[in-house]
Amino acid sequence: WKVESGPNVLRHTGKEKGRIATEKEYGDFELILDVRPSKEAKEVTVSLRGEKGLKARLDKAMARGKWTRHVFEVKGDAVTQSTEGGALTT
């Protein structure tokens, strides 16, 4: 991961698995990700409550090589995920 200019901008090169985590736990939260997976990417998974907690796979809701915005609203064990193409609730 690399910090770039601008507010809250992190970039992953995609050469290795990219993991980023917080040091402390949080309650309910909203996470906004703008994702542009490489054309070679096999999957993109977001862990929302730690490595063994809630996860969301972005594979079906993204186009390889194109930017897609994903918004996650996490309330307890419930996740609402919306993308530019619609909303999914898990």
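Bear in mind the structure is a predicted one, so any value in this text is a computation, not a measurement. Residues take their numbers from the sequence shown, with the count starting at 1.
Contacts of D34 classified as side chain to side chain donor-acceptor pair (under 3.5 Å), with partners at least two apart in sequence or in another chain: R69. Every residue two or more places apart in sequence or in another chain was checked for a side chain to side chain donor-acceptor pair (under 3.5 Å) with R49, and none qualifies. For E30, the side chain to side chain contact (heavy atoms under 4.5 Å, CB included) partners at least two apart in sequence or on another chain are I32, V71, E73.
Nearest heavy-atom pair across F29 and L48 is CZ-O, 3.3 Å. The two residues K75 and D28 have their closest heavy-atom pair at CA-OD1, 3.2 Å.
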Please evaluate residues V46 and L31 with respect to the criterion side chain to side chain contact (heavy atoms under 4.5 Å, CB included), reporting the C-alpha separation (whole Å), side-chain torsions for both, the decisive distance (0.1 Å), and the verdict. CA-CA 10 Å; V46 178; L31 174 66; 4.2 Å; yes
